[in-house]
A.B. asks: 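A single structure is presented below for examination.
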There are 2 protein chains.
Amino acid sequence: MGRRRYHQYCPVARALDVVGERWTLLIARELLLGPRRFTDLAEGLPGIGSSVLAGRLADLEQSGLVAKRTLPPPAASVVYELTHQARGLAPVLAALADWGMNLLDRPHENDQVHGRWLVQGLAVTAKSAPSTPDATYELRVDNEAFQVRSHDGRVQAADGPASNPNATITLTTDTLAALATGDLDIPSPRADRLIAIDGDTVGAQRLLASLTPIRTITDTAEQR
Amino acid sequence: MGRRRYHQYCPVARALDVVGERWTLLIARELLLGPRRFTDLAEGLPGIGSSVLAGRLADLEQSGLVAKRTLPPPAASVVYELTHQARGLAPVLAALADWGMNLLDRPHENDQVHGRWLVQGLAVTAKSAPSTPDATYELRVDNEAFQVRSHDGRVQAADGPASNPNATITLTTDTLAALATGDLDIPSPRADRLIAIDGDTVGAQRLLASLTPIRTITDTAEQR
DNA sequence: CTGCATCCGCTTCGATACTG
DNA sequence: CAGTATCGAAGCGGATGCAG
């Protein structure tokens, strides 16, 4: 209903009026990979509480950022998807992810770890990587399929299998997390055992390696 | 104290754990232009309530994003400033501002309008503008001085007068707002009357013109 | 089973008052 | 000026209920 606003004639404040509430940008994060159903969203946002999710979706719909669509039969299920305007939030999420990478460290006590989130992190680190040739990769994380496409400097992730990928990468969520923590290096014999690559091995390895945090001298010294 | 977190091993969620609460990114917006005192911050964040501001600053200090510093005598006042890590939020704020520009429209009933905010908007629109030669401009908005520097593709705003600016631009907050709404065009006779430019007139006009919203066909048709 | 609405205890917010 | 104290209102998280 009557959302809380900042009442500032400022572009940042206006943006936060619409997407600044708790959970809202994470809903956008989920939907950036593709349309999702209510329960899928809830599962990707552990702890949200159904009423808050429903409220946020209603607010976003009213703001013209989310559209509710009924899939054609025989699916006939309702999905939420981002509008064109909301897809303009991609750079915001990317900037946040870029900055947040430095805070990622490793999973805490009761952190949830979803392959979906790390695939998006992968797209961000890949963009920052020195050379990113145009290519498409399919990632199968715990039997869930994602695609990461890089096309003239932009890298974007999406739900679902890729068509004609340069490589198909199969691994588990834990393996993806191990790459993000730096516990698993690429290339390495252990990585070869945990990750199956079908197709352009070099490109796939470069993609996965971009997720590995940069070790500073301090990091190495503090290593135990 | 114990801030509310998302408990997700995801770069976006981690970032929002630290800067996702209400007001926090707006505090960063204020401090990105330079160090500020408590009351200056409060004045730039109308409606925040002093206890919330104090709490946020304490949280940010504990997160290593804000440092409290006592100015050398005779000032001897306490200022808050962003740490190096927090200055990494600049792209986040820029992305938000970029996206929020489309929501800006015009000031609502009880919106506050601060020149400070629009100067930052100016820096964002200038960056997106087609050609941005290296230059420094001083903006005097209602007797408050700002500087906008563009240097190889990056444009940043800061508090205070510029040294050796290419031009000095003097105008009021209302005039700046009129540019943002599109009510004032550049160049135009009315603009010449409201804006004083000392130095590189062409560059200064190009800078100011970048703030003018792009009128779509729909906008023009809907105009009344 | 999905997509919510309702209720409840707790936290957070906003506004004002007050203090060194 | 730079906060802390206080208090009613709003928002959140979790559980439960229920209609399609």
Side-chain angles (χ1 to χ4, degrees), chain A residues 1-8 13 16-27 30-31 35-62 66-81 110-112, chain B residues 1-8 13 16-27 30-31 35-62 66-81 110-112:
Chain A
M1 313 286 176
R3 264 176 289 103
R4 199 176 265 179
R5 273 165 277 183
Y6 287 112
H7 300 291
Q8 298 184 2
L16 293 175
D17 280 343
V18 182
V19 297
E21 283 169 311
R22 187 167 168 79
W23 293 112
T24 303
L25 280 171
L26 294 185
I27 293 173
E30 294 293 307
L31 292 178
R36 306 213 87 191
R37 294 180 308 171
F38 187 91
T39 32
D40 296 334
L41 282 170
E43 192 239 356
L45 301 164
I48 192 177
S50 52
S51 58
V52 172
L53 177 54
R56 292 288 185 277
L57 288 171
D59 289 344
L60 287 169
E61 198 178 353
Q62 196 179 351
V66 160
K68 204 172 174 176
R69 189 163 56 92
T70 305
L71 291 182
S77 54
V78 177
V79 293
Y80 297 87
E81 62 186 351
N110 39 16
D111 274 0
Q112 300 238 8
Chain B
M1 314 284 179
R3 262 175 292 103
R4 201 176 273 184
R5 274 166 279 183
Y6 286 110
H7 300 291
Q8 298 183 0
L16 293 175
D17 280 343
V18 182
V19 298
E21 283 168 312
R22 187 167 167 79
W23 294 112
T24 303
L25 279 170
L26 294 184
I27 293 173
E30 293 294 306
L31 292 178
R36 307 214 86 190
R37 295 180 306 174
F38 188 91
T39 32
D40 296 334
L41 282 171
E43 192 238 355
L45 301 164
I48 193 176
S50 48
S51 56
V52 172
L53 177 54
R56 291 289 185 276
L57 288 171
D59 289 344
L60 286 169
E61 198 178 353
Q62 197 179 348
V66 159
K68 204 171 172 175
R69 188 163 56 92
T70 306
L71 291 181
S77 54
V78 177
V79 294
Y80 296 88
E81 61 185 351
N110 38 16
D111 275 359
Q112 300 239 8

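Below, chain A is the first sequence line, B the second, and so on; all start at residue 1. Below, each value reflects all heavy atoms present in this structure, side chains not excepted, and no hydrogens, waters or symmetry copies.
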A.B. asks: Once you round it to whole Å, what is the distance between P of D/dG3 and CZ of B/R56?
C.D. replies: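 Taking CZ of B/R56 and P of D/dG3, I get 16 Å after rounding.
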
A.B. asks: Between P on C/dG3 and CZ on A/R69, what's the gap in Å once rounded to a whole number?
C.D. replies: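 Atom-to-atom, A/R69 to C/dG3, this comes out as 14 Å.
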
A.B. asks: Nearest whole angstrom, please: distance from the C1' of D/dG20 to the CZ of A/F38.
C.D. replies: 15 Å

A.B. asks: Rounded to whole Å, please give me the gap between CG in A/L41 and C1' in C/dG3.
C.D. replies: 12 Å

A.B. asks: In whole angstroms, how far is the C1' atom of D/dC1 from the CG atom of B/D40?
C.D. replies: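 Nearest whole value for this atom pair: 10 Å.
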
A.B. asks: Send over the distance from A/L71 CG to C/dG3 C1', rounded to a whole Å.
C.D. replies: 15 Å

A.B. asks: A/E21 CD to C/dT12 C1': how many Å, rounded?
C.D. replies: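 The answer, rounded to whole Å, is 13 Å.
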
A.B. asks: If the condition is ring-ring contact (aromatic ring centres under 6.0 Å, His included), which residues does B/F38 pass it with, not counting sequence neighbours?
C.D. replies: none

A.B. asks: Would the distance check show the side chain of B/R56 and the main-chain N or O of B/R22 forming a donor-acceptor pair, the cut-off being under 3.5 Å?
C.D. replies: yes

A.B. asks: Between A/I27 and A/V19, is there a side-chain heavy-atom distance shorter than 4.5 Å?
C.D. replies: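 No, their side chains stay 4.5 Å or more apart.
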
A.B. asks: Output yes when at least one side-chain N/O atom of A/K68 is less than 4.0 Å from OP1 or OP2 of C/dT2, else no.
C.D. replies: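 For A/K68, the contact criterion (side-chain N or O under 4.0 Å from OP1 or OP2 of C/dT2) is not met.
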
A.B. asks: If I take atom OH in residue B/Y80 and atom C1' in nucleotide D/dA2, what distance separates them, rounded to the nearest angstrom?
C.D. replies: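 Computing the B/Y80:OH to D/dA2:C1' distance gives 7 Å.
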
A.B. asks: So, does B/R5 use its side chain to make a donor-acceptor pair with the main chain of B/A13 at under 3.5 Å?
C.D. replies: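 Such a contact is absent between B/R5 side chain and B/A13 backbone.
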
A.B. asks: Quick one: what's the B/S/- string for nucleotides 14-20 of chain C, heavy-atom cutoff under 4.0 Å, read 5' to 3'?
C.D. replies: SBBB---

A.B. asks: Mark yes or no for whether A/Y6, through its side chain, and B/G47, through its backbone, hold a donor-acceptor pair below 3.5 Å.
C.D. replies: no

A.B. asks: I need the full list of salt bridge (charged side-chain N to carboxylate O under 4.0 Å, His left out) pairs touching residues 38-50 of chain A, with sequence neighbours left out, sorted by first then second residue.
C.D. replies: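 Sorted pair list: A/R37-A/D40.
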
